[in-house]
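A short write-up of the structure that comes next.
Quick caveat: nothing in here was measured; it's all calculated off a predicted structure.
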Amino acid sequence: MLEVEGLDAFYGDFQALFDIGFTQKSGETLALIGANGAGKSSLLHSICGLTSETGTIRLNGAEIGKLPPKVRAELGVSLSPEGRRMFSSLTVRENLQIGANTGRPGPWSLDRVTELFPILEEFANRPASLLSGGQQQMVAIGRALMANPDLLLLDEVSLGLAPVVAEEVMAALASIRGESQMMTILVEQDVSRAIAASDCFVCLLEGRVVLDGVSEGADLGAIGHAYFGEDDA
Amino acid sequence: MIWIETLINGLLLGGLYALFGLGLSLIFGVMKIANIAHGEMAIGGAFLAIATANFIGLPLVLTVPIILLMAWGFGFALQMAVINRVLGSDPMPPLLMTFGLSIVVQNLLVEMFGADNRSLDIGALGTASIQIGNTSLGVFPLLMFAIALALFGALHWSLHHTRWGRNLRATSDDPEIVGMMGIDRRRVFAMVMGLSAALAALSGMMLAMRGSITPFSGGERLLIAFEVIVIGGLGSIWGSLIGGLVLGIVHVIGLRLDPASGPLYGHLLLLVILLAKPEGLAGKARSR
Ligand SMILES: Nc1ncnc2c1ncn2[C@@H]1O[C@H](COP(=O)(O)OP(=O)(O)OP(=O)(O)O)[C@@H](O)[C@H]1O
Ligand SMILES: [Mg+2]
(Lines give C-alpha, C1' and ligand atoms only; values in the text may rest on other atoms or scores of the structure.)
(Ligands and ions follow the chains in the order given, each with its own letter.)
Protein backbone atom coordinates (compact mmCIF):
# COMPACT_ATOMS: atom_id res chain seq x y z
CA MET A 1 0.00 0.00 0.00
CA LEU A 2 1.33 3.40 -1.00
CA GLU A 3 -0.14 6.57 0.47
CA VAL A 4 0.98 9.98 -0.73
CA GLU A 5 -0.37 13.12 0.96
CA GLY A 6 0.37 16.81 0.52
CA LEU A 7 3.55 16.16 -1.44
CA ASP A 8 5.43 19.21 -2.74
CA ALA A 9 8.71 18.78 -4.63
CA PHE A 10 11.38 21.30 -5.49
CA TYR A 11 14.43 21.62 -7.70
CA GLY A 12 16.22 24.47 -5.94
CA ASP A 13 13.78 27.38 -6.02
CA PHE A 14 11.60 25.79 -8.67
CA GLN A 15 8.54 23.93 -7.41
CA ALA A 16 7.71 20.97 -9.64
CA LEU A 17 4.90 19.33 -7.62
CA PHE A 18 2.03 20.86 -5.65
CA ASP A 19 0.05 19.06 -2.96
CA ILE A 20 0.06 15.65 -4.62
CA GLY A 21 -2.11 13.00 -3.01
CA PHE A 22 -3.22 9.49 -3.99
CA THR A 23 -3.29 5.96 -2.66
CA GLN A 24 -2.43 2.71 -4.34
CA LYS A 25 -3.32 -0.75 -3.04
CA SER A 26 -0.84 -3.62 -2.84
CA GLY A 27 -0.60 -5.62 -6.03
CA GLU A 28 -1.98 -2.80 -8.15
CA THR A 29 -0.51 -1.02 -11.14
CA LEU A 30 -1.01 2.71 -11.34
CA ALA A 31 -0.66 4.59 -14.59
CA LEU A 32 0.79 8.07 -14.19
CA ILE A 33 -0.12 10.20 -17.17
CA GLY A 34 0.32 13.81 -18.17
CA ALA A 35 1.83 16.01 -20.86
CA ASN A 36 5.55 16.71 -21.20
CA GLY A 37 6.74 18.63 -18.17
CA ALA A 38 3.65 17.79 -16.12
CA GLY A 39 5.80 16.39 -13.32
CA LYS A 40 5.59 12.61 -13.85
CA SER A 41 9.31 11.97 -13.52
CA SER A 42 9.47 14.46 -10.66
CA LEU A 43 6.82 12.49 -8.79
CA LEU A 44 8.74 9.23 -9.24
CA HIS A 45 11.95 10.97 -8.16
CA SER A 46 10.35 12.42 -5.06
CA ILE A 47 9.04 8.98 -4.07
CA CYS A 48 12.68 7.86 -4.31
CA GLY A 49 13.99 10.84 -2.36
CA LEU A 50 15.94 12.27 -5.29
CA THR A 51 14.34 15.73 -5.14
CA SER A 52 13.88 17.89 -2.08
CA GLU A 53 10.33 17.17 -1.09
CA THR A 54 7.94 17.82 1.76
CA GLY A 55 4.78 15.91 2.60
CA THR A 56 3.92 12.37 3.53
CA ILE A 57 4.84 9.19 1.67
CA ARG A 58 3.85 5.94 3.39
CA LEU A 59 4.92 2.58 2.01
CA ASN A 60 3.09 -0.35 3.63
CA GLY A 61 2.36 1.87 6.60
CA ALA A 62 5.94 3.10 7.11
CA GLU A 63 6.66 6.78 6.63
CA ILE A 64 9.51 7.00 4.10
CA GLY A 65 9.19 10.66 3.09
CA LYS A 66 12.16 11.81 5.14
CA LEU A 67 14.50 8.90 4.53
CA PRO A 68 17.52 9.00 2.23
CA PRO A 69 17.24 7.20 -1.16
CA LYS A 70 19.37 4.29 0.03
CA VAL A 71 17.00 3.46 2.89
CA ARG A 72 13.92 3.83 0.67
CA ALA A 73 15.55 1.39 -1.74
CA GLU A 74 16.15 -1.03 1.13
CA LEU A 75 12.48 -0.71 2.08
CA GLY A 76 11.48 -1.75 -1.41
CA VAL A 77 11.33 1.29 -3.70
CA SER A 78 12.98 0.64 -7.06
CA LEU A 79 13.27 2.91 -10.10
CA SER A 80 13.85 2.31 -13.79
CA PRO A 81 14.72 5.92 -14.61
CA GLU A 82 13.82 7.98 -17.64
CA GLY A 83 16.71 7.86 -20.08
CA ARG A 84 17.92 4.50 -18.70
CA ARG A 85 20.91 5.88 -16.75
CA MET A 86 23.21 2.92 -17.40
CA PHE A 87 26.40 2.69 -15.37
CA SER A 88 28.63 3.02 -18.38
CA SER A 89 31.80 1.51 -16.92
CA LEU A 90 29.91 -1.57 -15.71
CA THR A 91 29.11 -4.57 -17.83
CA VAL A 92 25.53 -5.59 -18.49
CA ARG A 93 25.77 -8.29 -15.85
CA GLU A 94 27.25 -5.88 -13.31
CA ASN A 95 24.50 -3.36 -14.04
CA LEU A 96 21.98 -6.06 -13.22
CA GLN A 97 23.86 -7.30 -10.16
CA ILE A 98 24.08 -3.83 -8.69
CA GLY A 99 20.29 -3.73 -8.69
CA ALA A 100 20.35 -6.56 -6.15
CA ASN A 101 22.60 -4.60 -3.78
CA THR A 102 19.85 -4.08 -1.26
CA GLY A 103 19.71 -7.84 -0.75
CA ARG A 104 15.93 -8.08 -0.64
CA PRO A 105 14.61 -11.62 -1.06
CA GLY A 106 12.13 -12.39 -3.81
CA PRO A 107 11.52 -14.05 -7.15
CA TRP A 108 13.90 -11.90 -9.22
CA SER A 109 17.42 -13.07 -9.92
CA LEU A 110 19.94 -12.85 -12.74
CA ASP A 111 18.49 -16.03 -14.23
CA ARG A 112 14.92 -14.80 -14.09
CA VAL A 113 15.81 -11.46 -15.67
CA THR A 114 17.73 -13.07 -18.51
CA GLU A 115 14.80 -15.39 -19.00
CA LEU A 116 12.66 -12.31 -19.51
CA PHE A 117 15.26 -10.65 -21.78
CA PRO A 118 17.34 -13.44 -23.35
CA ILE A 119 19.47 -10.98 -25.32
CA LEU A 120 21.02 -9.76 -22.05
CA GLU A 121 22.53 -13.18 -21.48
CA GLU A 122 24.35 -12.93 -24.78
CA PHE A 123 25.71 -9.44 -24.00
CA ALA A 124 26.34 -10.05 -20.30
CA ASN A 125 30.02 -9.17 -20.45
CA ARG A 126 29.74 -6.11 -22.66
CA PRO A 127 29.93 -2.58 -21.29
CA ALA A 128 26.29 -1.52 -20.93
CA SER A 129 27.03 1.70 -22.80
CA LEU A 130 27.67 -0.27 -25.99
CA LEU A 131 24.15 -1.71 -26.13
CA SER A 132 21.43 -0.26 -28.30
CA GLY A 133 18.87 2.02 -26.72
CA GLY A 134 16.22 -0.67 -26.50
CA GLN A 135 18.67 -3.19 -25.07
CA GLN A 136 19.77 -0.62 -22.48
CA GLN A 137 16.11 -0.16 -21.60
CA MET A 138 15.89 -3.88 -20.90
CA VAL A 139 18.92 -3.61 -18.62
CA ALA A 140 17.30 -0.70 -16.78
CA ILE A 141 14.08 -2.66 -16.21
CA GLY A 142 16.04 -5.75 -15.22
CA ARG A 143 18.18 -3.74 -12.82
CA ALA A 144 15.05 -2.36 -11.16
CA LEU A 145 13.48 -5.83 -10.90
CA MET A 146 16.66 -7.31 -9.39
CA ALA A 147 15.88 -5.30 -6.25
CA ASN A 148 12.76 -7.42 -5.70
CA PRO A 149 10.81 -4.24 -5.05
CA ASP A 150 7.53 -3.68 -3.26
CA LEU A 151 7.08 -0.56 -5.35
CA LEU A 152 8.42 -0.59 -8.89
CA LEU A 153 8.63 2.78 -10.64
CA LEU A 154 8.88 2.54 -14.42
CA ASP A 155 9.57 5.83 -16.20
CA GLU A 156 8.82 5.60 -19.93
CA VAL A 157 10.13 2.07 -20.25
CA SER A 158 8.57 1.38 -23.61
CA LEU A 159 10.42 4.33 -25.14
CA GLY A 160 12.83 2.86 -27.66
CA LEU A 161 11.52 -0.67 -27.36
CA ALA A 162 10.10 -2.35 -30.41
CA PRO A 163 6.30 -2.63 -30.06
CA VAL A 164 6.48 -6.44 -29.75
CA VAL A 165 9.12 -6.20 -27.02
CA ALA A 166 7.12 -3.51 -25.24
CA GLU A 167 4.11 -5.84 -25.34
CA GLU A 168 6.26 -8.67 -23.98
CA VAL A 169 7.47 -6.48 -21.13
CA MET A 170 3.91 -5.47 -20.29
CA ALA A 171 2.82 -9.09 -20.43
CA ALA A 172 5.71 -10.15 -18.19
CA LEU A 173 4.86 -7.43 -15.70
CA ALA A 174 1.21 -8.45 -15.80
CA SER A 175 2.15 -12.07 -15.17
CA ILE A 176 4.17 -11.25 -12.05
CA ARG A 177 1.34 -9.09 -10.74
CA GLY A 178 -0.66 -12.21 -9.97
CA GLU A 179 2.08 -13.86 -7.97
CA SER A 180 3.23 -10.96 -5.82
CA GLN A 181 1.98 -7.99 -3.88
CA MET A 182 4.31 -5.70 -5.78
CA MET A 183 2.92 -2.31 -6.78
CA THR A 184 3.92 -0.70 -10.05
CA ILE A 185 3.72 2.92 -11.12
CA LEU A 186 3.88 3.17 -14.86
CA VAL A 187 4.72 6.38 -16.72
CA GLU A 188 3.75 6.06 -20.36
CA GLN A 189 3.35 8.52 -23.21
CA ASP A 190 0.73 6.32 -24.82
CA VAL A 191 -2.34 7.02 -22.68
CA SER A 192 -4.54 4.21 -23.95
CA ARG A 193 -1.77 1.63 -23.48
CA ALA A 194 -1.14 2.95 -19.97
CA ILE A 195 -4.82 2.74 -19.08
CA ALA A 196 -5.08 -0.76 -20.54
CA ALA A 197 -2.11 -1.99 -18.52
CA SER A 198 -3.17 -0.52 -15.18
CA ASP A 199 -5.72 -0.85 -12.38
CA CYS A 200 -5.95 2.84 -11.62
CA PHE A 201 -4.57 6.08 -12.96
CA VAL A 202 -3.45 9.54 -11.89
CA CYS A 203 -3.30 12.40 -14.37
CA LEU A 204 -0.95 15.31 -13.69
CA LEU A 205 -1.07 18.81 -15.11
CA GLU A 206 1.56 21.40 -14.27
CA GLY A 207 2.57 19.61 -11.09
CA ARG A 208 -0.97 18.99 -9.77
CA VAL A 209 -3.30 16.00 -9.80
CA VAL A 210 -6.17 16.94 -12.09
CA LEU A 211 -7.90 13.57 -12.40
CA ASP A 212 -7.63 10.11 -10.90
CA GLY A 213 -9.72 6.99 -10.93
CA VAL A 214 -10.08 3.36 -11.83
CA SER A 215 -8.66 2.37 -15.21
CA GLU A 216 -11.30 -0.15 -16.15
CA GLY A 217 -13.97 1.66 -18.06
CA ALA A 218 -12.21 5.00 -17.63
CA ASP A 219 -13.57 7.82 -19.75
CA LEU A 220 -10.76 8.47 -22.24
CA GLY A 221 -12.44 11.71 -23.28
CA ALA A 222 -12.35 13.08 -19.75
CA ILE A 223 -8.72 11.96 -19.42
CA GLY A 224 -7.93 13.78 -22.66
CA HIS A 225 -9.40 16.99 -21.29
CA ALA A 226 -7.52 16.63 -18.02
CA TYR A 227 -4.33 15.82 -19.89
CA PHE A 228 -4.41 19.01 -21.92
CA GLY A 229 -5.88 21.12 -19.15
CA GLU A 230 -8.98 21.96 -21.14
CA ASP A 231 -11.88 23.30 -19.16
CA ASP A 232 -14.77 20.95 -19.90
CA ALA A 233 -17.30 22.84 -17.80
CA MET B 1 75.38 0.27 -20.42
CA ILE B 2 75.08 3.49 -18.49
CA TRP B 3 71.92 4.21 -20.50
CA ILE B 4 70.27 0.97 -19.58
CA GLU B 5 71.00 1.73 -15.94
CA THR B 6 69.60 5.23 -16.35
CA LEU B 7 66.49 3.89 -18.00
CA ILE B 8 65.93 1.34 -15.26
CA ASN B 9 66.49 3.95 -12.56
CA GLY B 10 63.95 6.14 -14.32
CA LEU B 11 61.44 3.30 -14.32
CA LEU B 12 62.02 2.63 -10.63
CA LEU B 13 61.57 6.30 -9.75
CA GLY B 14 58.50 6.27 -11.97
CA GLY B 15 56.88 3.62 -9.76
CA LEU B 16 56.94 6.09 -6.88
CA TYR B 17 55.61 8.89 -9.09
CA ALA B 18 52.82 6.59 -10.20
CA LEU B 19 51.80 6.06 -6.57
CA PHE B 20 51.65 9.82 -6.03
CA GLY B 21 49.42 10.10 -9.08
CA LEU B 22 47.21 7.14 -8.20
CA GLY B 23 45.78 8.70 -5.04
CA LEU B 24 45.00 11.96 -6.81
CA SER B 25 43.53 10.15 -9.80
CA LEU B 26 41.17 8.09 -7.62
CA ILE B 27 39.74 11.24 -6.03
CA PHE B 28 39.36 12.89 -9.37
CA GLY B 29 37.87 9.82 -10.99
CA VAL B 30 35.18 9.26 -8.37
CA MET B 31 34.39 12.77 -7.09
CA LYS B 32 35.51 14.91 -10.04
CA ILE B 33 37.42 17.21 -7.72
CA ALA B 34 41.12 17.99 -7.32
CA ASN B 35 42.62 17.50 -3.88
CA ILE B 36 45.13 20.35 -3.53
CA ALA B 37 46.23 18.92 -0.17
CA HIS B 38 47.40 15.64 -1.74
CA GLY B 39 51.09 16.62 -1.48
CA GLU B 40 50.72 17.72 2.13
CA MET B 41 48.93 14.47 2.98
CA ALA B 42 51.98 12.64 1.63
CA ILE B 43 54.50 14.84 3.41
CA GLY B 44 52.41 14.94 6.59
CA GLY B 45 52.30 11.14 6.63
CA ALA B 46 56.07 11.01 6.16
CA PHE B 47 56.68 13.46 9.02
CA LEU B 48 54.38 11.51 11.31
CA ALA B 49 56.39 8.41 10.43
CA ILE B 50 59.63 10.28 11.15
CA ALA B 51 58.25 11.33 14.51
CA THR B 52 57.11 7.79 15.31
CA ALA B 53 60.26 6.03 14.13
CA ASN B 54 63.02 8.52 14.95
CA PHE B 55 61.66 10.17 18.09
CA ILE B 56 59.52 7.46 19.70
CA GLY B 57 61.75 4.73 18.33
CA LEU B 58 59.13 2.36 16.97
CA PRO B 59 60.57 0.02 14.29
CA LEU B 60 59.65 0.86 10.69
CA VAL B 61 57.76 -2.39 10.12
CA LEU B 62 55.31 -1.20 12.77
CA THR B 63 55.47 2.49 11.93
CA VAL B 64 54.47 2.11 8.30
CA PRO B 65 51.20 0.19 8.87
CA ILE B 66 50.27 2.46 11.80
CA ILE B 67 50.75 5.58 9.69
CA LEU B 68 48.79 4.00 6.80
CA LEU B 69 45.86 3.29 9.12
CA MET B 70 45.99 6.77 10.57
CA ALA B 71 46.10 8.32 7.10
CA TRP B 72 43.12 6.21 6.03
CA GLY B 73 41.18 7.32 9.09
CA PHE B 74 42.13 10.94 8.52
CA GLY B 75 40.99 10.83 4.89
CA PHE B 76 37.73 9.10 5.80
CA ALA B 77 36.94 11.56 8.58
CA LEU B 78 37.93 14.57 6.48
CA GLN B 79 35.53 13.50 3.75
CA MET B 80 32.66 12.69 6.10
CA ALA B 81 33.02 15.78 8.27
CA VAL B 82 34.01 18.41 5.74
CA ILE B 83 34.30 17.69 2.03
CA ASN B 84 30.98 15.84 1.66
CA ARG B 85 29.27 19.01 2.87
CA VAL B 86 30.73 21.18 0.12
CA LEU B 87 30.53 18.71 -2.77
CA GLY B 88 28.14 19.80 -5.47
CA SER B 89 27.97 20.94 -9.03
CA ASP B 90 30.45 23.73 -8.29
CA PRO B 91 34.05 22.42 -8.05
CA MET B 92 35.31 25.60 -6.36
CA PRO B 93 34.32 24.99 -2.70
CA PRO B 94 36.13 21.62 -2.39
CA LEU B 95 39.10 23.10 -4.23
CA LEU B 96 39.35 26.01 -1.81
CA MET B 97 38.74 23.68 1.13
CA THR B 98 41.63 21.39 0.23
CA PHE B 99 43.81 24.40 -0.63
CA GLY B 100 43.17 25.73 2.87
CA LEU B 101 43.95 22.33 4.33
CA SER B 102 47.27 22.17 2.48
CA ILE B 103 48.33 25.50 3.99
CA VAL B 104 47.26 24.51 7.49
CA VAL B 105 49.13 21.19 7.30
CA GLN B 106 52.25 22.85 5.93
CA ASN B 107 52.28 25.46 8.70
CA LEU B 108 51.68 22.81 11.35
CA LEU B 109 54.63 20.80 10.03
CA VAL B 110 56.94 23.83 10.09
CA GLU B 111 55.75 24.60 13.60
CA MET B 112 56.41 21.09 14.84
CA PHE B 113 59.48 20.02 12.88
CA GLY B 114 61.17 23.25 11.73
CA ALA B 115 62.22 23.73 8.13
CA ASP B 116 65.13 21.27 8.12
CA ASN B 117 65.64 18.38 5.76
CA ARG B 118 64.59 15.12 7.33
CA SER B 119 64.47 11.52 6.24
CA LEU B 120 63.35 8.09 7.37
CA ASP B 121 66.33 5.89 8.10
CA ILE B 122 66.04 2.41 6.61
CA GLY B 123 69.52 1.28 7.62
CA ALA B 124 71.49 -1.11 5.44
CA LEU B 125 68.54 -1.58 3.06
CA GLY B 126 69.17 1.94 1.80
CA THR B 127 72.58 1.10 0.37
CA ALA B 128 72.13 -2.56 -0.56
CA SER B 129 72.37 -3.27 -4.25
CA ILE B 130 72.41 -6.20 -6.61
CA GLN B 131 74.61 -6.65 -9.64
CA ILE B 132 73.06 -7.83 -12.89
CA GLY B 133 75.73 -8.02 -15.57
CA ASN B 134 77.40 -4.63 -15.52
CA THR B 135 74.39 -2.94 -14.07
CA SER B 136 74.04 -2.24 -10.38
CA LEU B 137 70.54 -1.77 -9.03
CA GLY B 138 69.50 -0.63 -5.56
CA VAL B 139 67.48 -3.19 -3.62
CA PHE B 140 65.27 -0.55 -2.03
CA PRO B 141 64.21 1.11 -5.32
CA LEU B 142 63.42 -2.36 -6.68
CA LEU B 143 61.35 -3.13 -3.60
CA MET B 144 59.44 0.15 -3.90
CA PHE B 145 58.76 -0.56 -7.54
CA ALA B 146 57.46 -4.04 -6.74
CA ILE B 147 55.19 -2.62 -4.05
CA ALA B 148 53.85 0.01 -6.45
CA LEU B 149 53.11 -2.58 -9.14
CA ALA B 150 51.47 -4.88 -6.60
CA LEU B 151 49.25 -2.04 -5.39
CA PHE B 152 48.15 -1.16 -8.91
CA GLY B 153 47.37 -4.82 -9.54
CA ALA B 154 45.46 -5.21 -6.30
CA LEU B 155 43.43 -2.07 -6.92
CA HIS B 156 42.58 -3.12 -10.45
CA TRP B 157 41.53 -6.53 -9.23
CA SER B 158 39.31 -5.19 -6.47
CA LEU B 159 37.71 -2.60 -8.74
CA HIS B 160 36.64 -5.35 -11.10
CA HIS B 161 36.06 -8.36 -8.88
CA THR B 162 34.55 -7.11 -5.65
CA ARG B 163 31.23 -5.58 -4.78
CA TRP B 164 33.11 -2.66 -3.27
CA GLY B 165 34.79 -2.02 -6.62
CA ARG B 166 31.54 -2.32 -8.53
CA ASN B 167 29.84 0.17 -6.23
CA LEU B 168 32.77 2.53 -6.56
CA ARG B 169 32.71 2.44 -10.36
CA ALA B 170 28.95 2.92 -10.38
CA THR B 171 29.25 5.91 -8.05
CA SER B 172 31.87 7.41 -10.33
CA ASP B 173 29.54 6.92 -13.33
CA ASP B 174 26.36 8.36 -11.84
CA PRO B 175 26.50 9.51 -8.22
CA GLU B 176 22.93 10.86 -8.31
CA ILE B 177 21.23 7.56 -8.90
CA VAL B 178 23.37 5.11 -6.89
CA GLY B 179 21.30 5.71 -3.77
CA MET B 180 18.58 3.69 -5.48
CA MET B 181 21.06 0.80 -5.70
CA GLY B 182 21.43 0.81 -1.93
CA ILE B 183 24.71 2.72 -2.08
CA ASP B 184 25.48 5.60 0.27
CA ARG B 185 27.65 7.74 -1.97
CA ARG B 186 29.01 9.80 0.92
CA ARG B 187 30.46 6.61 2.37
CA VAL B 188 31.92 5.60 -0.97
CA PHE B 189 33.53 9.04 -1.26
CA ALA B 190 34.92 8.71 2.25
CA MET B 191 36.39 5.27 1.52
CA VAL B 192 38.06 6.66 -1.58
CA MET B 193 39.43 9.66 0.30
CA GLY B 194 40.76 7.31 2.97
CA LEU B 195 42.40 5.12 0.37
CA SER B 196 43.85 8.13 -1.40
CA ALA B 197 45.25 9.52 1.86
CA ALA B 198 46.83 6.15 2.68
CA LEU B 199 48.40 5.98 -0.79
CA ALA B 200 49.66 9.54 -0.35
CA ALA B 201 51.17 8.71 3.05
CA LEU B 202 52.79 5.59 1.64
CA SER B 203 54.40 7.47 -1.22
CA GLY B 204 55.45 10.24 1.15
CA MET B 205 57.13 7.72 3.45
CA MET B 206 58.86 6.09 0.49
CA LEU B 207 60.09 9.49 -0.60
CA ALA B 208 61.50 10.15 2.87
CA MET B 209 63.18 6.73 2.81
CA ARG B 210 64.97 7.26 -0.48
CA GLY B 211 65.85 10.92 0.09
CA SER B 212 64.93 13.77 2.34
CA ILE B 213 61.92 16.03 2.74
CA THR B 214 61.02 19.36 4.29
CA PRO B 215 57.58 20.67 5.27
CA PHE B 216 57.60 22.51 1.95
CA SER B 217 57.98 19.39 -0.22
CA GLY B 218 54.21 18.96 -0.60
CA GLY B 219 53.69 21.47 -3.41
CA GLU B 220 56.28 19.84 -5.60
CA ARG B 221 54.73 16.41 -4.93
CA LEU B 222 51.29 17.72 -5.90
CA LEU B 223 52.75 19.02 -9.13
CA ILE B 224 54.29 15.63 -9.89
CA ALA B 225 51.00 13.88 -9.10
CA PHE B 226 49.16 16.24 -11.45
CA GLU B 227 51.71 15.73 -14.21
CA VAL B 228 51.43 11.97 -13.79
CA ILE B 229 47.68 11.88 -14.24
CA VAL B 230 47.62 14.39 -17.08
CA ILE B 231 50.43 12.64 -18.97
CA GLY B 232 48.93 9.19 -18.38
CA GLY B 233 45.32 10.16 -18.89
CA LEU B 234 42.55 10.92 -16.42
CA GLY B 235 40.05 8.40 -15.33
CA SER B 236 41.97 5.14 -15.40
CA ILE B 237 44.37 3.77 -12.84
CA TRP B 238 46.61 2.45 -15.60
CA GLY B 239 46.94 6.00 -16.86
CA SER B 240 48.62 6.84 -13.55
CA LEU B 241 51.04 3.95 -13.88
CA ILE B 242 52.02 4.83 -17.44
CA GLY B 243 52.21 8.55 -16.60
CA GLY B 244 54.38 7.84 -13.57
CA LEU B 245 56.80 5.58 -15.44
CA VAL B 246 57.16 7.97 -18.36
CA LEU B 247 57.68 10.95 -16.08
CA GLY B 248 60.26 9.04 -14.02
CA ILE B 249 62.24 8.09 -17.10
CA VAL B 250 62.12 11.61 -18.48
CA HIS B 251 63.29 13.10 -15.17
CA VAL B 252 66.22 10.73 -14.79
CA ILE B 253 67.34 11.02 -18.41
CA GLY B 254 66.91 14.79 -18.28
CA LEU B 255 69.08 15.03 -15.19
CA ARG B 256 71.77 12.89 -16.78
CA LEU B 257 71.89 14.96 -19.96
CA ASP B 258 71.59 18.24 -18.17
CA PRO B 259 72.30 18.00 -14.43
CA ALA B 260 71.03 21.51 -13.73
CA SER B 261 67.64 20.95 -15.35
CA GLY B 262 65.71 19.74 -12.29
CA PRO B 263 62.13 18.88 -13.24
CA LEU B 264 62.28 20.99 -16.43
CA TYR B 265 62.01 18.09 -18.88
CA GLY B 266 59.01 16.72 -17.03
CA HIS B 267 57.23 20.05 -17.46
CA LEU B 268 58.18 20.13 -21.14
CA LEU B 269 56.77 16.63 -21.58
CA LEU B 270 53.55 17.79 -19.94
CA LEU B 271 53.29 20.64 -22.44
CA VAL B 272 53.93 18.35 -25.39
CA ILE B 273 51.27 15.89 -24.18
CA LEU B 274 48.75 18.66 -23.58
CA LEU B 275 49.29 19.89 -27.14
CA ALA B 276 49.55 16.58 -28.95
CA LYS B 277 47.36 14.18 -26.95
CA PRO B 278 45.38 16.08 -24.35
CA GLU B 279 43.49 12.97 -23.26
CA GLY B 280 46.81 11.50 -22.06
CA LEU B 281 48.87 8.54 -23.22
CA ALA B 282 46.43 5.90 -21.97
CA GLY B 283 43.32 8.04 -22.10
CA LYS B 284 40.37 7.59 -24.36
CA ALA B 285 39.10 10.69 -26.11
CA ARG B 286 35.93 11.64 -24.32
CA SER B 287 32.92 10.95 -26.44
CA ARG B 288 30.25 12.08 -24.03
N1 LIG C 1 16.66 18.53 -12.49
C2 LIG C 1 15.75 19.53 -12.67
N3 LIG C 1 16.04 20.79 -12.31
C4 LIG C 1 15.15 21.79 -12.47
N5 LIG C 1 13.92 21.63 -12.99
C6 LIG C 1 13.56 20.40 -13.38
C7 LIG C 1 14.47 19.27 -13.23
N8 LIG C 1 13.82 18.19 -13.70
C9 LIG C 1 12.61 18.59 -14.10
N10 LIG C 1 12.44 19.91 -13.91
C11 LIG C 1 11.24 20.70 -14.21
O12 LIG C 1 10.14 20.13 -13.51
C13 LIG C 1 8.99 20.11 -14.32
C14 LIG C 1 8.47 18.69 -14.39
O15 LIG C 1 9.42 17.90 -15.07
P16 LIG C 1 9.32 16.31 -15.18
O17 LIG C 1 10.60 15.83 -15.71
O18 LIG C 1 8.85 15.79 -13.91
O19 LIG C 1 8.17 16.18 -16.28
P20 LIG C 1 7.59 14.86 -16.97
O21 LIG C 1 6.14 14.86 -16.69
O22 LIG C 1 8.37 13.68 -16.56
O23 LIG C 1 7.83 15.20 -18.49
P24 LIG C 1 8.25 14.24 -19.72
O25 LIG C 1 7.02 13.60 -20.20
O26 LIG C 1 8.78 15.19 -20.72
O27 LIG C 1 9.26 13.29 -19.23
C28 LIG C 1 9.38 20.68 -15.67
O29 LIG C 1 8.93 22.01 -15.72
C30 LIG C 1 10.87 20.63 -15.67
O31 LIG C 1 11.41 21.70 -16.39
MG1 LIG D 1 9.60 12.41 -17.50
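Heavy-atom distances place both the backbone and the side chain of A/Val77 under 4.5 Å from chain B.
Listed options A/Gln97, A/Glu74, A/Arg72 were ranked by heavy-atom pairs under 4.5 angstrom with chain B; first place goes to A/Gln97. Chain B forms the most heavy-atom pairs under 4.5 Å with one residue out of A/Leu79, A/Leu90, A/Asn95, and that residue is A/Leu90. For the set A/Cys48, A/Ser89, A/Pro69, the entry with the most heavy-atom pairs within less than 4.5 Å of chain B is A/Ser89.
For A/Arg85 and B/Asp174, the salt-bridge test passes: some basic side-chain N is under 4.0 Å from an acidic carboxylate O.
Other residues, nucleotides and ligands contribute over 12 non-hydrogen atoms within 6.0 Å of the CZ atom of A/Arg193. In this structure, A/Lys25 places its NZ atom where only 12 or fewer heavy-atom neighbours from other residues, nucleotides or ligands lie under 6.0 Å away. By the 6.0 Å contact criterion, CZ on B/Phe99 is open, its count of non-hydrogen atoms from other residues, nucleotides or ligands being 12 or less. The environment of CD in A/Glu206 is sparse: at most 12 heavy-atom neighbours from other residues, nucleotides or ligands sit within 6.0 Å. Within a 6.0 Å radius of CD in B/Glu176, other residues, nucleotides and ligands contribute 12 heavy atoms or fewer. In B/Arg186, the CZ atom is not crowded: 12 or fewer heavy atoms of neighbouring residues, nucleotides or ligands sit closer than 6.0 Å.
Closest approach of B/Gly182 and A/Ala73 over heavy atoms only: N-CB, 4.2 Å.
Rounded to the nearest 0.5 Å, atoms OG (A/Ser80) and CE (B/Met180) are 11.0 Å apart. Within the model, atoms CE of B/Met181 and CE of A/Met146 stand 11.5 Å from one another, a figure rounded to the nearest 0.5 Å. Note that CD of A/Glu94 is 10.5 Å distant from CG of B/Asn167, once rounded to the nearest 0.5 Å. To the nearest 0.5 Å, atom CZ of residue B/Arg166 and atom CG of residue A/Asn101 are 6.0 Å apart.
Counting only heavy atoms from C-beta outward, the side chains of B/Thr171 and A/Phe87 never approach each other to under 4.5 Å. Side-chain atoms of A/Pro68 and B/Asp184, non-hydrogen and from C-beta on, never get closer than 4.5 Å to each other. Contact annotation: the side chain of A/Ile98 never approaches that of B/Arg163 to less than 4.5 Å [non-hydrogen atoms, C-beta and beyond].
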